[in-house]
Student: 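Below: one structure in structure tokens.
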Amino acid sequence: VFTDKIICVSNFEKKSALDNHICSEKKLEVILNGIDIAEVEQKIANSKLTRASLNIPESAYIVGMVGRISEQQAPDVFVKAARKIKDAIPEAFFIIVGDGPDQTEIEKMISDLNLKESFLITGWTKQAIEYLSLFDVAVLCSRWEGLPLVVPEYFAAKKPVVCTRIDAVDDMIEDGVNGFVVDVDDVDAVAKTIVQLKNNKECCIDVVANGCRKAKDCFDIT
């Protein structure tokens, strides 16, 4: 009653508000979540993190995700996919940047799948952006999200992105153009897409370039 405008962080959020009769359409304004691209670029350029400092082999193909270790962000899918990726890419190494309530369970899964020597969980860190500098491919396996800031950050960090079909994915990724979209909980599709990326450098270069453009066109707050 007292609100002139309601901000939606994605077009899906606007549609959901209309479907649930939250208010009239004229009150809704879509403003996509944004990031400071220059800040992301600066943090990566100044990062002191190296493979050597983290005991990661220089030859490793690093698959990483940034996110809370909880059901929402599906670290279990990431770990199960990691096993399949490791079978196809022996030099693969995996990083989860973050912590969360399911960390003990995820660590056990990593051990049970014989991935302990090829996995790093950073725990909570202020250096999340810096870790992106190490990634060869960036992943978001979430089961649900609004419009996660991490995907534009992946773009700004110049990483190829594999993302699940979450609510706001259409505002972020055109499948095969500036990233890759897979179904939620589809372990096989996550693994297959990442293996294909490893084997197709030209595609990877094109997707990264398009992702950078998308970040600057749609998500830059400066």
Student: Linking I/L/V/M/F/W/Y whenever any side-chain heavy atoms sit under 4.5 Å apart, do Phe135 and Ile69 land together?
Tutor: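 Looking at the clustering, Ile69 is in the same group as Phe135.
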
Student: Does a sphere of radius 6.0 Å around NZ in Lys216 hold more than 12 heavy atoms from other residues, nucleotides or ligands, not counting ones at 6.0 Å or beyond?
Tutor: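 Incorrect, the count does not exceed 12.
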
Student: Enter the distance from Glu91:CD to Ile89:CD1 here, rounded to the nearest 0.5 Å.
Tutor: 6.5 Å

Student: Could you check whether atom CD of Glu174 has more than 12 heavy atoms from other residues, nucleotides or ligands sitting under 6.0 Å from it?
Tutor: no

Student: With salt bridge (Lys or Arg N to Asp or Glu O under 4.0 Å) as the criterion, how do Asp188 and Lys84 come out once you've worked through the C-alpha distance, each side chain's angles and the decisive distance to 0.1 Å?
Tutor: CA-CA 8 Å; Asp188 289 339; Lys84 293 177 179 291; 3.2 Å; yes

Student: Atom CE in Met109, atom NZ in Lys116: separation rounded to 0.5 Å?
Tutor: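 That separation rounds to 15.5 Å.
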
Student: Any non-hydrogen side-chain atom of Ser47 less than 4.5 Å from a side-chain atom of Ile44?
Tutor: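 They are not in contact (no side-chain heavy atoms under 4.5 Å apart), so the answer is no.
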
Student: When hydrophobic residues are tied together by side-chain contacts of less than 4.5 Å, even through go-betweens, does Met172 share a cluster with Phe12?
Tutor: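 They do not share one cluster, since no chain of ILVMFWY contacts under 4.5 Å joins Met172 to Phe12.
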
Student: Would Ser142 and Glu145 satisfy side chain to side chain donor-acceptor pair (under 3.5 Å), going step by step from the backbone distance to the final call?
Tutor: CA-CA 7 Å; Ser142 293; Glu145 292 273 4; 2.7 Å; yes

Student: So for atom CD, which belongs to Gln42, do other residues, nucleotides or ligands contribute more than 12 heavy atoms lying within a distance under 6.0 Å?
Tutor: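 No, not enclosed.
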
Student: Considering all heavy atoms of both residues, which atom of Leu32 and which atom of Ser10 are nearest to each other, and what is their separation?
Tutor: CD2-CA, 4.0 Å

Student: Would you call Lys15 and Cys8 a side-chain contact if the rule is heavy atoms closer than 4.5 Å?
Tutor: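 Not in contact.
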
Student: Indicate yes or no: at least one non-hydrogen side-chain atom of Asp175 is less than 4.5 angstrom from one of Phe180.
Tutor: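 Yes, side chains in contact.
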
Student: Should Val208 and Val137 be regarded as members of a common hydrophobic cluster, given that ILVMFWY residues are connected when their side-chain heavy atoms come within less than 4.5 Å of each other, either directly or indirectly?
Tutor: no

Student: Shortest non-hydrogen contact from Pro75 to Ile96?
Tutor: CB-CD1, 4.4 Å

Student: Any non-hydrogen side-chain atom of Leu140 less than 4.5 Å from a side-chain atom of Ile166?
Tutor: yes

Student: SG/Cys204 to NZ/Lys198 distance, rounded to the nearest 0.5 angstrom?
Tutor: 10.5 Å

Student: Is it true that a side-chain atom of Asn200 and a backbone atom of Cys203 form a donor plus acceptor pair closer than 3.5 Å?
Tutor: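 Yes; at least one donor-acceptor contact below 3.5 Å.
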
Student: Taking the side chain as every heavy atom from C-beta outward, state whether Val207 and Val177 have any atom pair closer than 4.5 Å.
Tutor: no

Student: How far apart are the C-alpha atoms of Lys43 and Glu130, what are their side-chain angles, what is the distance that settles it, and do they pass the salt bridge (Lys or Arg N to Asp or Glu O under 4.0 Å) test?
Tutor: CA-CA 6 Å; Lys43 284 184 176 181; Glu130 286 88 332; 5.5 Å; no

Student: Grab the two heavy atoms, one from Ile62 and one from Ile95, that are nearest each other, plus how far apart they are.
Tutor: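 Minimum heavy-atom separation between Ile62 and Ile95: CG2-CD1, 3.7 Å.
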
Student: Group every Ile, Leu, Val, Met, Phe, Trp and Tyr by side-chain heavy-atom contacts under 4.5 Å, then state whether Val97 and Leu134 land in the same group.
Tutor: yes

Student: Measure from the side-chain N and O atoms of Asn33 to the backbone N and O of Leu147, and report whether any donor-acceptor pair falls under 3.5 Å.
Tutor: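 Checked: pair present.
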
Student: On the ring face of Phe155, is Lys214 found with NZ or CZ under 6.0 Å from the centre and within 45° of the axis?
Tutor: no

Student: Check whether Tyr131 reaches the backbone of Thr122 with its side chain - one donor and one acceptor, N or O, closer than 3.5 Å.
Tutor: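 Looks like no, no N/O pair under 3.5 Å.
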
Student: For Val139 and Met65, work out which heavy atoms get closest and say how close.
Tutor: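 Distance-wise, the nearest heavy atoms are O-CB, 3.3 Å.
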
Student: Are the side chains of Asp136 and Lys159 in contact, using a 4.5 Å heavy-atom criterion?
Tutor: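 Not touching, per the 4.5 Å side-chain cut-off.
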
Student: What's the spacing between Glu153 CD and Asp36 CG if we round to 0.5 Å?
Tutor: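 If we round to the nearest 0.5 Å, Glu153:CD and Asp36:CG are 10.5 Å apart.
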
Student: Any donor-acceptor pair under 3.5 Å linking the side chain of Thr50 with the backbone of Ser53?
Tutor: yes

Student: Donor-acceptor pair, Asn20 side chain versus Ile22 backbone, under 3.5 Å?
Tutor: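 No; judged by distance alone, with no hydrogens or angles, the pair does not exist.
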
Student: Is the side chain of Asp186 donor-acceptor paired with the backbone N or O of Ala189 at a distance under 3.5 Å, no angle test?
Tutor: yes

Student: Looking at Lys14, I'd like to know if its NZ atom is crowded, meaning that more than 12 non-hydrogen atoms belonging to other residues, nucleotides or ligands lie closer than 6.0 Å.
Tutor: yes

Student: Hey, is Asp185 close enough to Arg143 for a salt bridge, meaning N to O under 4.0 Å?
Tutor: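 Judged by the 4.0 Å cut-off on N to carboxylate O distance, Asp185 and Arg143 do form a salt bridge.
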
Student: Does the side chain of Ile121 come within less than 4.5 Å of Ile110's, by heavy atoms?
Tutor: yes

Student: Which value, rounded to the nearest 0.5 Å, describes the distance between Ser24 atom OG and Leu28 atom CG?
Tutor: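 One gets 7.0 Å once the value is rounded to the nearest 0.5 Å.
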
Student: Can you check whether Ile6 reaches Cys23 side chain to side chain, under 4.5 Å on heavy atoms?
Tutor: yes

Student: With distance as the sole test, does Asn199 use its side chain to make a donor-acceptor pair with the main-chain N or O of Val195 at under 3.5 Å?
Tutor: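 Yes, the answer is positive, given that a donor and an acceptor are paired below the 3.5 Å cut-off.
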
Student: Shortest non-hydrogen contact from Trp144 to Gln72?
Tutor: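 In terms of heavy atoms, the two residues are closest at O-NE2, 2.9 Å.
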
Student: Could you check whether any side-chain N or O of Glu13 sits under 3.5 Å from a backbone N or O of Val9, counting only pairs where one atom can act as donor and the other as acceptor?
Tutor: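 It does hold such a pair.
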
Student: Quick check for you: to the nearest 0.5 Å, what is the distance between Asp112 atom CG and Glu107 atom CD?
Tutor: 12.0 Å

Student: Determine whether Phe93 and Tyr61 fall in the same hydrophobic cluster, where Ile, Leu, Val, Met, Phe, Trp and Tyr are linked whenever their side-chain heavy atoms lie under 4.5 Å apart.
Tutor: yes

Student: What heavy-atom pair brings Ala156 and Val40 nearest, and what distance separates the two atoms?
Tutor: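 It is CB-CG1, 3.9 Å.
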
Student: Please check this pair: side chain of Arg83 against backbone of Leu113, looking for a donor-acceptor N/O pair closer than 3.5 Å.
Tutor: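 Yes; judged by distance alone, with no hydrogens or angles, the pair exists.
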
Student: Under 3.5 Å, is there a donor-acceptor pair between the side chain of Lys27 and the main chain of Thr3?
Tutor: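 Side chain of Lys27 to backbone of Thr3: a pair is present.
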
